[in-house]
2 protein chains.
Amino acid sequence: MLPTSSSAGLLANSLDRLLGYQLRRASAVMMADLARELGDIDLRPAEVTALMVIAENAGCSQTEVGQVLGIKRANMVPIVSRLMDRGLVDRERADGRSHALRVTQAGAAVVADAQARIERHEARFSSLFDSATLDVLHAVLPVIRSQRDEAEG
Amino acid sequence: MLPTSSSAGLLANSLDRLLGYQLRRASAVMMADLARELGDIDLRPAEVTALMVIAENAGCSQTEVGQVLGIKRANMVPIVSRLMDRGLVDRERADGRSHALRVTQAGAAVVADAQARIERHEARFSSLFDSATLDVLHAVLPVIRSQRDEAEG
DNA sequence: TATTGTTATACTCTATAACTATA
DNA sequence: TATAGTTATAGAGTATAACAATA
């Protein structure tokens, strides 16, 4: 029945020529692989990214973390709560209304572990391409992102 | 506080060098733009893709549609139900256990409208790059996808 | 008046397990 | 025994609106 394109060749699918669709599918594959790699240490993708940003920016507020990650203030609450409950992140009053977030010693160890896992995960995919191709990707993707870099409105 | 990379320059963020992260953020931006464009005709991204595959493959089953789109059998049920409830898709018994799906006349009109919207959406992003760059993207993304093209297992 | 954190809620997409009826 | 459709349920991420405390 008119097998085209890349997908095994079951049904016709003109979606494959769409950048947005290909981006979505490719991203889903990498996310699934990352989730699997991080599942061992019971961290979800959104939690690791938050943890890493906090590790790199001791004293930042959770609203700031959300702005960098494109996660809304309201959605940061359960993420930070869980990181604190697990003893990976600590916070102290900074401002009366804001908190200064910091990674604990246990948190730093988890970050190191997570980073190693992320490197492995990344390598599985980036090793498929030559450096010129990777350069194109790293030039292009931020441009797409900047078309409407979503933070909090 | 160590502003780096692309994101406005708030906090340090080593995530930006990760292919998977950039892919995820870029995809989210395009998905949000698509959802906005399709919101006018009350179609969600998952529904449009299903509708388009059915339009291109008259007589296919919903399991087949799911396989092409990487959507599990169980998750196809509400998608197809909604398309049928809206009179965009019709089905007849094919096999006793499977149905042959077809786009109705009303469905075909909606597909045409949706395709025009998708073209507009795509153009907003693909116009940012030259054709050599787009060629790289269209070569690379299916390779990433094929690393574990998820259908139903 | 604007901002930080918070609660509550809803929506979209995805995942699993189990059932039915057919083949 | 395997397949197509279905049901029920859970999880992850995201979106909005509203509120309290603070600046």
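Model, not experiment: these values are computed from the prediction. Only this structure's heavy atoms are used, side chains among them; waters, hydrogens and symmetry mates stay out. The chains referred to below are lettered A, B, ... by the order of the sequence lines, with proteins before strands, and numbering in each begins at 1.
Per the geometry, CG belonging to A/Leu38 stands 10 Å off P belonging to D/dG13, to the nearest Å. As rounded to whole Å, 16 Å separates atom P of D/dA12 from atom NZ of B/Lys72. A straight line from CE of A/Met31 to C1' of C/dA15 spans 14 Å, rounded to a whole angstrom. Rounded to whole Å, atom C1' of C/dC13 lies 13 Å from atom CG of B/Leu69. In this structure, A/Leu43 atom CG and D/dG13 atom P are separated by 11 Å, rounded to whole Å. A/Ile71 has its CD1 atom 15 Å from the P atom of C/dT6, to the nearest Å. Taking atom CZ of B/Arg36 as the reference point, atom P of C/dC11 lies 21 Å away to the nearest angstrom. Rounded to a whole Å, the CZ atom of A/Arg44 is 14 Å from the C1' atom of C/dT14.
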Worksheet, complete the sentence: 5' to 3', nucleotides 3-9 of chain D under a 4.0 Å protein heavy-atom cut-off (B base, S sugar-phosphate only, - none) gives BBBBB--

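B/Val77 and B/Val53 fall into different hydrophobic clusters, where Ile, Leu, Val, Met, Phe, Trp and Tyr residues are linked whenever their side-chain heavy atoms come under 4.5 Å apart, directly or through other members. Note on B/Val29 and B/Met31: separate hydrophobic clusters, where clusters join Ile, Leu, Val, Met, Phe, Trp and Tyr whose side-chain heavy atoms are under 4.5 Å apart, directly or indirectly. A continuous path of ILVMFWY side-chain contacts below 4.5 Å connects B/Phe129 to B/Val140, so both sit in one hydrophobic cluster.
Between the side chain of B/Glu37 and the backbone N or O of B/Ile118, no donor-acceptor pair lies under 3.5 Å.
Among A/Arg124, A/Arg120, A/Arg117, the one residue that satisfies the salt bridge (charged side-chain N to carboxylate O under 4.0 Å, His left out) test with A/Asp33 is A/Arg124.
Salt-bridge annotation for B/Asp85 and B/Arg82: absent, with no side-chain N of the basic residue lying under 4.0 Å from a carboxylate O of the acidic one.
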